[in-house]
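What follows is a set of notes on a single structure, which appears directly below.
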Amino acid sequence: MNYFFEPTREFAKQQDKTDVLHAFRHEFVIDEKTIYLDGNSLGRLPKKTAEAIENATNKQWGQNLIESWNKHWYFMPQELGNQIAQIIGASADEVLVCDNTTTNLYKLVFAALKYQTTKNRVVSDIFNFPSDLYILQGIKNQLRQKTEIVLAQSKDGILIDTDDLKSKIDKNTALVILSFVSFKSSYLYNAEEITQYAQQKGALVLWDLSHATGVVPINLNQINADLAVGCTYKFLNSGPGAPAFLYIRKSLQQYFESPVWGWFGHQNPFEFNLKYKAADGIQKFLSGTPPILSLMAIETGVEMILRAGMQNIRNKSIKQSEYLIFLLNAKLKKYRFSLGSPQNFNERGSHVSLIHQEAYRICQALISPHNSTIKIIPDFREPNIIRIGIAPLYTTFDEIWQTVERIIEIIVNGEYKQFSTTRNAVT
Ligand SMILES: *Cc1c(COP(=O)(O)O)cnc(C)c1O
């Protein structure tokens, strides 16, 4: 794709006018005085979701009480799973919505290691989300150190060295576990190539789709993916702590056992039998009562993504990211900014990392302007990264243009120097 861009606000506004997804922005709760560029961490609130939670609270719970279990609630983890399946290219009954990403990862990694009886190696990379690596370390601890954890490296801090990754996947490898899009640099794997390579060596592959779901096309069935997890509160806009999802390839399900045997994963929970018998399908990976009010926040977010269409979303995401990188080159390089994400959009998800020595304080000045200028919310990642999250359902070209102008202002007038370098609890 080759774009013709101009570094002017008129150009940015013109792009918004011709954008086929522009109408979706009006479906979100938006305060026009804030530019929000953190949809890769917590998506915006869709107006319809606020109504759905209100209805579930006052009507389904308030009035219908326990009867709502049979009317609306009981099958939500499977039904929402089937809807998310359409976004990630999975089949019906391969996806379940439950717990958080971290807990789902634990359940799948544990099950995978039990299935791969004779193999002890788990391969990941240094770009993976820390929680994913903590889960591996915890499981190693529980299995009395029998598991060997090996991490692929990066030469430049932006791309994973896939030759190094492949060299670490051997015949003793039980599982390869990677972020589809890495949270810092936005590096996007060629998932098909890695999956095939690992499977030839007899390893299973688990993709963490958290930073990719709803913004990068994913086709789990087409690449014959074994396992996946992902969260719903980022580009799926399902709200803080909304439950996550897990995917298990159909043909693997009969061999996989959840390490958490709870009544919701029982073949017949309401028999209250004293002996555990796992449900047949993916449902056995449920544990206890699902958080219904949080599940209520997922449906609209997923429906909007399906209605917008993944290819439209990806096209806009690439165009906006390329526009930001164009402005970086045209305007920010001379203030010592550099690109902390892959140059090639085929290797990049939907956030762009900008590197600057003063990244933390510039970020603070964007979020808390001392005068009446616009408030801009990106986020900061150690040690020197400002992440700009592009959420095509609501991010505008004009917001990207304004953000670059505001960064220049903060540097030129020295505004960032008024802030401390001491980090907040959540950055
Ligand atoms: C956001 C994210 C998570 C979050 O895990 P939770 O358990 O839902 O807090 C996990 N993995 C990756 C790759 C993420 O980007």
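Read the numbers this way: they start at 1 and go in the same order the structure lists the ligands and their atoms. No hydrogens, no waters, no symmetry mates; every other heavy atom, side chains included, goes into these values.
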Verify the neighbour count for atom CD of Q343: are there more than 12 heavy atoms of other residues, nucleotides or ligands below 6.0 Å? no
I'd like to check which ligand 1 atoms, numbered from 1 as shown, lie under 4.0 Å from a non-hydrogen atom of Y233. 1 (C), 4 (C), 5 (O), 6 (P), 8 (O), 9 (O)
Can a side-chain donor-acceptor contact be found between D125 and Y189 if the only test is distance below 3.5 angstrom? yes
Nearest neighbour of atom 5 (O) of ligand 1 from the list T232, T213, T101, N40, on a heavy-atom basis: T101
Minimum-distance protein heavy atom relative to atom 10 (C) of ligand 1: F129 CD2, 3.4 Å
Out of curiosity, N237 CG to I305 CD1, how far, rounded to the nearest 0.5 Å? 6.0 Å
May I ask you to identify, for D132, whether its side chain, its backbone, both or neither come under 4.0 Å of ligand 1 on a heavy-atom basis? side chain
Of all the atoms in ligand 1, which lie at a distance below 4.0 Å from a heavy atom belonging to S179? 13 (C)
Please list the nearest protein heavy atom to atom 7 (O) of ligand 1 with its residue and the distance rounded to 0.1 Å. T102 OG1, 2.5 Å
Does the cation-pi check pass for R423 over Y360, that is, NZ or CZ under 6.0 Å from the six-membered ring centre and within 45° of its axis? yes
Thinking salt bridges, do R307 and E27 make one under a 4.0 Å N-O criterion? yes
Atoms in ligand 1 flagged as close to N100, the criterion being non-hydrogen separation under 4.0 Å: 7 (O), 8 (O)
How close does the nearest protein non-hydrogen atom get to atom 2 (C) of ligand 1, and which residue and atom is it? K234 NZ, 2.4 Å
Here's one to test your reading of the geometry: is the NZ or CZ of K234 within 45 degrees of the ring axis of F129 and under 6.0 Å from its centre? yes
Numbering as shown, the atoms of ligand 1 that approach D208 to under 4.0 Å (heavy-atom distance): 10 (C), 11 (N), 12 (C), 13 (C)
Quick check on contacts: which atoms of ligand 1 are under 4.0 angstrom from a heavy atom of S210? 2 (C), 3 (C), 10 (C), 11 (N), 12 (C), 13 (C), 14 (C), 15 (O)
Pairing of R121 and D170 as salt bridge, 4.0 angstrom limit: yes
